[in-house]
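Quick notes on the structure that follows.
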Amino acid sequence: MREITRGSVTGILVTGVMRALLFLAVLGVVAGGVTLAVENPPASAFEAALGEVGVRVFGIILWAASITSVIGASYTSVSFLAGFSRRLEERRSWVTVGFIVFSMVVYLALGKAPVTLLVLAGALNGLILPVGFGIILWVAARRTDLLRGYRYPKALLVVGALSWVLTVYLGWKSLGGIADLL
């Protein structure tokens, strides 16, 4: 358990630091007066900072981020599905590869620019949080049998409910731009 906790905390910290550094780098470029290209704003920020090398560095960063995200998301999705079938569990690696291939085919079939798909994925992810959070709150408030009789303090449930309402609102707002993308 200690190893898993350390690994997950390290991953979260590295991700947080990398995101903060990337944000600050783009902020520095924009604050310097550069206007980012509409068709690919992140790449244009790297190009403004480092020239042609910046575009290559951005490509490597984007590739590394995307491949790890695809593998992680596919593995997680297959893990959920594998719980329903012993055959899927036995073939987890092949099902994960199949999920990745399926995702690639959908991406190619949509024919949209990566920026459009990233915004679309972010908007759809904005809907997942309220659903998952709502289920957790429901369990905490109503299903003490699942929590071995533990009852969450009412104050925490109220704060959680208020946070859930905020996530529903933000998720709803994230849907507004989807129609414009397509």
Side-chain angles (χ1 to χ4, degrees), residues 1-24 26-27 42 64-100 102-104 106-107 110 112 114-182:
M1 187 62 125
R2 183 178 301 149
E3 213 172 298
I4 291 170
T5 301
R6 186 175 40 128
S8 63
V9 169
T10 300
I12 291 167
L13 290 175
V14 168
T15 301
V17 168
M18 289 304 297
R19 286 180 182 210
L21 290 174
L22 288 171
F23 171 77
L24 291 173
V26 172
L27 179 63
S66 63
I67 197 68
T68 56
S69 292
V70 166
I71 291 169
S74 298
Y75 185 81
T76 301
S77 298
V78 169
S79 294
F80 289 135
L81 295 174
F84 296 112
S85 167
R86 183 175 170 90
R87 287 185 62 198
L88 287 177
E89 180 63 41
E90 292 169 355
R91 294 170 179 83
R92 180 188 297 242
S93 296
W94 285 108
V95 175
T96 303
V97 170
F99 194 88
I100 292 169
F102 172 76
S103 299
M104 179 190 67
V106 169
Y107 166 75
L110 288 174
K112 295 291 182 184
V115 171
T116 302
L117 293 175
L118 285 171
V119 172
L120 179 63
L124 293 176
N125 281 336
L127 299 177
I128 294 170
L129 178 63
V131 171
F133 194 27
I135 291 169
I136 290 170
L137 279 171
W138 178 76
V139 168
R142 301 279 182 208
R143 296 295 309 264
T144 56
D145 59 312
L146 296 175
L147 303 173
R148 297 185 193 148
Y150 179 78
R151 294 197 181 276
Y152 272 87
K154 297 284 185 205
L156 285 180
L157 290 173
V158 169
V159 170
L162 292 173
S163 300
W164 177 76
V165 168
L166 178 62
T167 65
V168 169
Y169 171 74
L170 294 173
W172 178 258
K173 293 297 281 184
S174 74
L175 290 178
I178 290 179
D180 298 336
L181 292 174
L182 305 174

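Treat the numbers as computed from the prediction; the structure is a model and nothing was measured.
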Which heavy-atom pair separates Arg143 from Asp145 by the least distance, and what is that distance?
NH2-OD2, 2.7 Å

Just by distance, do the side chain of Ser8 and the backbone of Thr5 share a donor-acceptor pair under 3.5 Å?
yes

Identify the two heavy atoms, one from Leu137 and one from Gly160, that lie closest to each other, and give their separation to 0.1 Å.
CD1-O, 3.3 Å

Assess whether atom CG of Leu146 is packed by more than 12 heavy atoms of other residues, nucleotides or ligands within 6.0 Å.
yes

Least distance between heavy atoms, Val168 atom then Pro130 atom
CG2-CB, 3.8 Å

Is any side-chain heavy atom of Ser79 less than 4.5 Å from a side-chain heavy atom of Arg92?
yes

Parallel, tilted or perpendicular: ring planes of Phe99 versus Phe102, cut at 30 and 60 degrees:
tilted

Which heavy-atom pair separates Ser74 from Thr96 by the least distance, and what is that distance?
CB-CG2, 3.9 Å

Nearest heavy-atom contact between Leu81 and Leu88 is O-CD1, 3.6 Å

Below 4.5 Å, heavy atoms only, C-beta onward: do Ile71 and Ile100 meet side chain to side chain?
yes

So does Tyr150 have more than 12 non-hydrogen atoms from other groups sitting under 6.0 Å from OH?
yes

Can you tell me if Phe133 has over 12 outside heavy atoms packed within less than 6.0 Å of its CZ?
yes

Which heavy atom of Ala64 sits nearest a heavy atom of Thr68, and at what distance?
O-OG1, 2.9 Å

Can we say Glu89 and Arg86 salt-bridge, meaning some charged N sits less than 4.0 Å from an Asp/Glu carboxylate O?
no

If I take atom CG from residue Leu156 and atom CZ from residue Arg151, how far apart are they, to the nearest 0.5 angstrom?
15.0 Å

Working to the nearest 0.5 Å, report the span between OG1 of Thr167 and CG of Leu129.
5.0 Å

